[in-house]
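Lettering follows sequence order; numbering is per chain, from 1.
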Protein chains: 2
Amino acid sequence: MQLDDIHIRMVDLLRRNGRLSIAALADQLGISRSNAYQRYDWLIESGVITGFTATLDFRAAGFGVAALVFVSLEQQQWGEFRERLKTVPELEYFAVTAGEHDGMLLVRAADVAAIHELVALNLAQWSCIKSTETVFVMDEQWDRVSLGAGFAGRALRSPGEWAGESPLGSTRHLRIAEPGEEDEGAPLR
Amino acid sequence: MQLDDIHIRMVDLLRRNGRLSIAALADQLGISRSNAYQRYDWLIESGVITGFTATLDFRAAGFGVAALVFVSLEQQQWGEFRERLKTVPELEYFAVTAGEHDGMLLVRAADVAAIHELVALNLAQWSCIKSTETVFVMDEQWDRVSLGAGFAGRALRSPGEWAGESPLGSTRHLRIAEPGEEDEGAPLR
DNA sequence: GTTGAAATTAGTACGAA
DNA sequence: TTCGTACTAATTTCAAC
């Protein structure tokens, strides 16, 4: 089985409402129930869908404040850092980043003081952390990317369909010609 | 009804598995099925739970790349900016930030070139945007904050219980005494 | 890939502790 | 409030087309 348009619409429906029944999905997708079950199972087994979760109003849930904490590490102490990250209950999201800092944490707490405590009394004491920079989030919105929305379709195209697509000029990887192979510099992807 | 420990555990269970049936929740929480329905409904109606969604393996779903785009706006053109944000299908998360930049976008696309196209050919052309800075995400992890985990309990305490809690010294807002009121400088919260 | 049954589970209502 | 039960509606499973 392969990711097709119906899979994509199914994922979009499940992103909008993660508790939709398979029967309701089948109905809205215009397919039979058993087909919907097959596709649903496939989405889970193939690893496209990793799980389901409740989304919260963090303020209503008692988390009044969110902040981004940019961290720079001492000489690639990733092992210790990521191990200690597991002990931070305020952590919602962590990204390893290119550029000025090494990583970014999205943390939540009841109030500004609790964030300050986290950064100043906890994070800043870790020997693996060289420096931190805290930026408070004043407003936020989640706009879950939709697999169905335009651009995602590109990922589904077969290699040949990419040629000459980019308005900026295609990134091309010139293959080193194998012995006896004629290499015309075709894009690998 | 008021948020209590069982609500918190229910939310945590639903964050871990958003498709858990109410019967399974009741079972794991040690309460009756009808009580579980009541509490579940209350969590939705009170706005603590805003919805349910499928979580994805973005790479498996064809989004090979994620990036943080920091934006600075021309003279508070928030209206136009947020209006145009709605037209960006690559957008997953947006935060209005304090500090150097005005906001941060988390965007996803099939490859690095697509991110570049988004920033250089789309965002950078918006008149409301003064400048952008793109940082690629090299690895990421979601560690959904748990309402049950230690610190969140603070949000549930009644005001009096906060006194003298902070190891950094409590932030105190001295109330301006109302006429005829004895003000002893008690923390407002 | 579909349809139609049986078995199971979910959702609702209401009285009692 | 919480629980137990009875009842109805819906979903899931499984078999046959």
Side-chain angles (χ1 to χ4, degrees), chain A residues 1-57 60-62 147-148 152-153 156-158, chain B residues 1-57 60-62 146-148 152-161:
Chain A
M1 207 181 241
Q2 218 194 327
L3 198 66
D4 64 16
D5 180 61
I6 295 178
H7 282 121
I8 288 176
R9 284 167 51 217
M10 181 178 278
V11 170
D12 281 348
L13 288 168
L14 286 171
R15 294 214 99 202
R16 272 200 280 283
N17 179 1
R19 280 178 86 85
L20 267 183
S21 70
I22 312 297
L25 283 171
D27 199 45
Q28 295 189 47
L29 292 170
I31 58 178
S32 68
R33 275 158 299 152
S34 51
N35 190 346
Y37 274 102
Q38 269 186 272
R39 289 169 178 279
Y40 175 83
D41 291 343
W42 183 83
L43 283 170
I44 309 272
E45 276 154 31
S46 69
V48 172
I49 291 179
T50 56
F52 295 89
T53 188
T55 56
L56 305 184
D57 176 336
L147 290 212
L156 299 177
R157 295 194 204 153
S158 51
Chain B
M1 207 181 243
Q2 216 192 328
L3 197 66
D4 63 16
D5 179 61
I6 295 178
H7 283 121
I8 287 177
R9 283 166 51 214
M10 181 178 279
V11 171
D12 281 347
L13 287 169
L14 286 171
R15 295 213 98 202
R16 273 201 280 281
N17 179 1
R19 278 178 89 84
L20 266 184
S21 70
I22 311 296
L25 283 172
D27 199 45
Q28 295 189 47
L29 293 170
I31 58 178
S32 70
R33 220 156 58 88
S34 47
N35 190 352
Y37 272 104
Q38 266 185 262
R39 289 169 176 278
Y40 176 83
D41 292 342
W42 183 83
L43 282 171
I44 310 274
E45 276 154 31
S46 69
V48 172
I49 290 179
T50 56
F52 296 89
T53 189
T55 55
L56 304 184
D57 176 335
S146 154
L147 290 211
R154 303 178 66 183
L156 298 176
R157 295 192 202 156
S158 52
E161 299 180 64

[atom1]-[atom2] distance between [X] and [Y], expressed to the nearest 0.5 angstrom:
X: B:T53; Y: A:F52; atom1: OG1; atom2: CZ; value: 8.5 Å
X: B:S32; Y: B:D27; atom1: OG; atom2: CG; value: 11.5 Å
X: A:L29; Y: A:I8; atom1: CG; atom2: CD1; value: 12.0 Å

Original post:
Heavy-atom contacts under 4.0 Å between residues 27-43 of chain A and DNA chain C, which residues?
Top reply: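 The answer is A:S32, A:R33, A:S34, A:N35.
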
Subject >> Any A:L56 side-chain heavy atom under 4.5 Å of B:T50 side chain >> reply: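 With C-beta onward as the side chain, the pair stays apart.
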
Original post:
When you measure from the side chain of B:N35 to the backbone N and O of B:A26, does any donor-acceptor pair fall under 3.5 Å?
Top reply: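 Not a single qualifying donor-acceptor pair exists.
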
Can you give the donor-acceptor pairs under 3.5 Å from side chains of residues 15-23 of chain B to other protein atoms, not counting sequence neighbours?
{"from": "B:R15", "atom 1": "NE", "to": "A:A54", "atom 2": "O", "distance (Å)": "3.4"}
{"from": "B:R15", "atom 1": "NH1", "to": "B:V145", "atom 2": "O", "distance (Å)": "3.2"}
{"from": "B:N17", "atom 1": "OD1", "to": "B:R19", "atom 2": "N", "distance (Å)": "2.9"}
{"from": "B:R19", "atom 1": "NE", "to": "A:Y40", "atom 2": "OH", "distance (Å)": "3.1"}
{"from": "B:R19", "atom 1": "NH1", "to": "A:G18", "atom 2": "O", "distance (Å)": "2.8"}
{"from": "B:R19", "atom 1": "NH1", "to": "A:L20", "atom 2": "O", "distance (Å)": "2.9"}
{"from": "B:R19", "atom 1": "NH2", "to": "A:L20", "atom 2": "O", "distance (Å)": "2.8"}
{"from": "B:S21", "atom 1": "OG", "to": "B:A24", "atom 2": "N", "distance (Å)": "3.1"}

Original post:
Do you know the tightest heavy-atom contact between B:D57 and A:G47?
Top reply: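 That would be CB-O, 3.0 Å.
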
Subject >> Heavy-atom closest contact (A:V48 atom, B:A61 atom, distance) >> reply: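 Looks like CG1-CB, 4.0 Å.
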
Original post:
Please, which pairs that meet ring pair (Phe, Tyr, Trp, His ring centres under 6.0 Å) have at least one residue in residues 7-37 of chain B, sequence neighbours excluded?
Top reply: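 Listed once each, the pairs are B:H7-B:W42.
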
**OP:** State, to the nearest 10°, the angle formed by the axis through the first five base pairs of the helix from C:dG1-D:dC17 to C:dA17-D:dT1 and the axis through its last five.
**Re:**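 That helix has its two terminal axes inclined by roughly 30°.
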
Subject >> Sugar-phosphate, base or nothing in reach of B:A23, heavy atoms under 4.0 Å >> reply: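 Here B:A23 touches the backbone only, sparing every base.
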
**OP:** Output all residues satisfying salt bridge (charged side-chain N to carboxylate O under 4.0 Å, His left out) with B:R39, sequence neighbours left out; order by chain, then residue number.
**Re:**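 By the salt bridge (charged side-chain N to carboxylate O under 4.0 Å, His left out) rule, B:R39 matches B:D4.
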
Subject >> chain B footprint on DNA chain D, 5' to 3' - any atom under 4.0 Å from a heavy atom >> reply: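 First-to-last contact on DNA chain D, by the 4.0 Å heavy-atom rule, is D:dT2 to D:dA6.
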
